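Below is one structure, written out as structure tokens; the observations come after it.
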2 protein chains.
Amino acid sequence: MGESEDRAISRRDRQRQVTLDEITSSAQRQLTEHGVRGFSLRAVAREVGLTPSAIYRYYDSQTALVSAVALTAYEQATDALRTAADLTAGQHTRGRLEAVFTAYRAWALTHPGEFELLFATDQSLLRADEPAPSDPANLHRLYQVPLEVLADGIGRGEVACAPEAATGPQALTRPAAAVRREVAERTGHEVGEEPCLAMVSAWVSVHGYVALDLYGHLGAFLVDRKACFRRHLGAVLDTLGV
Amino acid sequence: MGESEDRAISRRDRQRQVTLDEITSSAQRQLTEHGVRGFSLRAVAREVGLTPSAIYRYYDSQTALVSAVALTAYEQATDALRTAADLTAGQHTRGRLEAVFTAYRAWALTHPGEFELLFATDQSLLRADEPAPSDPANLHRLYQVPLEVLADGIGRGEVACAPEAATGPQALTRPAAAVRREVAERTGHEVGEEPCLAMVSAWVSVHGYVALDLYGHLGAFLVDRKACFRRHLGAVLDTLGV
DNA sequence: CCGCTTCGTGAACGGCATTCACTGTGTGAA
DNA sequence: TTCACACAGTGAATGCCGTTCACGAAGCGG
């Protein structure tokens, strides 16, 4: 009987969890530092003081390891967006969306390796077997944040709710429709398919700026990339009608 | 005296050019097929029937080879845009820009490896020494195409030319301003800094859609990605005021 | 014809991911 | 307490990879 809490957790299990975390966080750090291409399973093993082959006791392959990192990266990105949304709760919708999308850019600039991993990599590095790696659900959770802000704005009458014009048979996939439903549950306000599509467009436009900025392509054109982001974001939010 | 044309071109020089082209085109094909990450110098050597070390008689390193491919990829992309612009010469500006940006998406979808190489890769693979690899000038040439279409529209009075409001000290870099000047020379019509920035925003928004689409992220949301692209593009062109 | 440049080879080095037979050791049951 | 076993970790081996280097075999200009 003795300890009631962690009776089932043996000494070895605890140690395993420790080294597993060590491996994963080392992998994330190296990914941030050296990028997707510079990533090396052996380097991770070196850093945690293990033989390369020992890593395979924890992850089936390099792919699985990277996928695990991708998973936490998705969560961290979503957290960053959600924090921005929470910090601005009660403010005008436009300002909140500005904050959320600015957080998106900030996260990308401070986590270039993870951004590359999630958004700019062919799936050869991901698509493992155990932890849903580039599972659409992760992306949905991210997208859900700005959508909830929009729903909140609709609920407070700030944002005009388009009269749900019939946009052909159906433009959103079933999983995306599920997101729409969950947003409605969480915020108590429906968001039509139309605004959902508009929000996808907005997110896409913001993503484009961030992606090009991150890889240095905007530096060829723009002197002050931060200021021009504000400008770009403003135009995007205008289009969104918020 | 004999042949006046290729007197200075020896038999060997010609053969060299042939194998060089063979290497480069093989590299481009493999890049398209296997992506940036799956690219292998040894595989290229295998395909052209050479020893890996023999490649170094033609390119200083794998980096140099990839950079050369990137250069031609830039040119091909620019050609694709320019063709779209030329084919629609005389039509309405909006339709022409639609054609140009649709060509951008089409090129990306048919050349995923090259797109990744140009826009979604950290410069570790590029930045060679000989042929300006990810030189901003290449990007400028690409960007110049839609800008010329816009200038043409301004010249024909279709597009309202904003009254050149002072947008702070200067938003465009000097090379970008040079593009603006060249556009003015080629089309005979000035394009203010303001429209140039708006066009950057438009291009950025389109790029975001293409990038996310290419990596399968939009499939999680949108049923008909082509139709939604038209929709997105329409909104972008509305913002542009064209 | 000769010397020189150039193309191509094959071996080698170090790094990579991955597999496998192996050793010790913590663990749970007898 | 003892025993068998599951399991973390090792180290060697395999087959990729990019890159270098010494060498042979041609084509080339004088």
Side-chain angles (χ1 to χ4, degrees), chain A residues 1-3 6-24 26-27 30-31 34-69 124-130, chain B residues 1-3 6-24 26-27 30-31 33-69 121 124-130:
Chain A
M1 304 87 186
E3 49 274 19
D6 41 11
R7 190 177 47 80
I9 299 172
S10 71
R11 186 171 204 77
R12 213 162 45 174
D13 285 354
R14 193 162 22 239
Q15 187 55 34
R16 179 181 174 81
Q17 192 58 41
V18 168
T19 52
L20 196 150
D21 288 352
E22 214 173 333
I23 291 171
T24 312
S26 166
Q30 299 218 10
L31 224 148
H34 309 110
V36 173
R37 195 175 176 78
F39 183 81
S40 157
L41 184 144
R42 289 181 108 99
V44 172
R46 242 176 273 130
E47 192 172 77
V48 298
L50 281 179
T51 314
S53 52
I55 304 288
Y56 287 82
R57 299 284 171 205
Y58 297 89
Y59 287 103
D60 281 351
S61 65
Q62 179 178 232
T63 302
L65 171 55
V66 172
S67 291
V69 174
S124 70
L125 245 312
L126 306 175
R127 209 185 58 251
D129 322 294
E130 328 188 8
Chain B
M1 301 95 179
E3 50 275 23
D6 41 11
R7 190 177 47 81
I9 299 170
S10 70
R11 190 168 207 77
R12 211 160 49 172
D13 286 353
R14 192 163 22 238
Q15 188 55 35
R16 177 179 176 84
Q17 192 59 41
V18 168
T19 51
L20 197 151
D21 289 351
E22 215 173 332
I23 290 171
T24 311
S26 167
Q30 299 217 12
L31 225 149
E33 280 182 31
H34 308 110
V36 172
R37 197 177 175 76
F39 183 81
S40 157
L41 184 145
R42 288 180 110 101
V44 172
R46 242 176 275 128
E47 194 172 76
V48 299
L50 280 182
T51 314
S53 52
I55 305 289
Y56 287 80
R57 299 283 172 207
Y58 296 89
Y59 287 104
D60 281 349
S61 66
Q62 178 177 234
T63 302
L65 171 54
V66 172
S67 292
V69 174
T121 296
S124 69
L125 244 315
L126 305 176
R127 209 184 58 249
D129 321 295
E130 330 187 10

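This is a predicted model, so every value here is computed, not measured. A note on names: the letters A, B, ... follow the listed sequences, proteins ahead of strands, and every chain is numbered from 1.
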side-chain contact (heavy atoms from CB on, under 4.5 Å) assessment of A/Y59 paired with A/T24: CA-CA 10 Å; A/Y59 287 103; A/T24 312; 2.7 Å; yes
Nearest to the side chain of [X], which nucleotide is it out of [options]?
X     : options                : answer
A/S40 : C/dC16, D/dG18, D/dT10 : C/dC16
A/R57 : D/dT10, C/dG8, D/dC17  : D/dT10
A/Y58 : D/dC17, D/dG9, C/dA17  : D/dG9
A/Q62 : D/dT19, C/dA17, D/dC16 : C/dA17

Could you please spell out the steps behind the side-chain contact (heavy atoms from CB on, under 4.5 Å) verdict for B/R37 and A/V36? CA-CA 9 Å; B/R37 197 177 175 76; A/V36 173; 4.1 Å; yes
Rounded to whole Å, please give me the gap between [atom1] in [X] and [atom2] in [N].
X     : N      : atom1 : atom2 : answer
A/Q15 : C/dT27 : CD    : P     : 10 Å
B/Y59 : C/dT6  : OH    : P     : 18 Å
B/R37 : C/dC16 : CZ    : P     : 12 Å
A/R46 : C/dG14 : CZ    : P     : 14 Å
B/D13 : D/dC28 : CG    : P     : 8 Å
A/R42 : D/dG11 : CZ    : P     : 13 Å
B/E22 : C/dG8  : CD    : C1'   : 14 Å
B/F39 : D/dC16 : CZ    : C1'   : 15 Å

Of the residues in residues 47-56 of chain A, which ones touch DNA chain D at a heavy-atom distance under 4.0 Å? A/L50, A/T51, A/S53, A/A54
If you round to the nearest 0.5 Å, how far is CD1 of A/I23 from CD1 of A/I55? 4.0 Å
Spatial distance of atom OH (B/Y56) from atom CG (B/L50) [nearest 0.5 Å]: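 Between B/Y56 OH and B/L50 CG, I get 13.5 Å after rounding to 0.5 Å.
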Any donor-acceptor pair under 3.5 Å from B/S40 side chain to B/R42 backbone: yes
Check: A/E22 main-chain N/O paired with A/S26 side-chain donor or acceptor under 3.5 Å: no
Is the phosphate of D/dA8 approached by A/R16 (side-chain N or O, under 4.0 Å from OP1 or OP2)? yes
Modelled atom types, side-chain donor and acceptor of B/D13 and B/Q17, under 3.5 Å: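 No, because no side-chain N or O of B/D13 sits under 3.5 Å from a partner of the opposite role on B/Q17.
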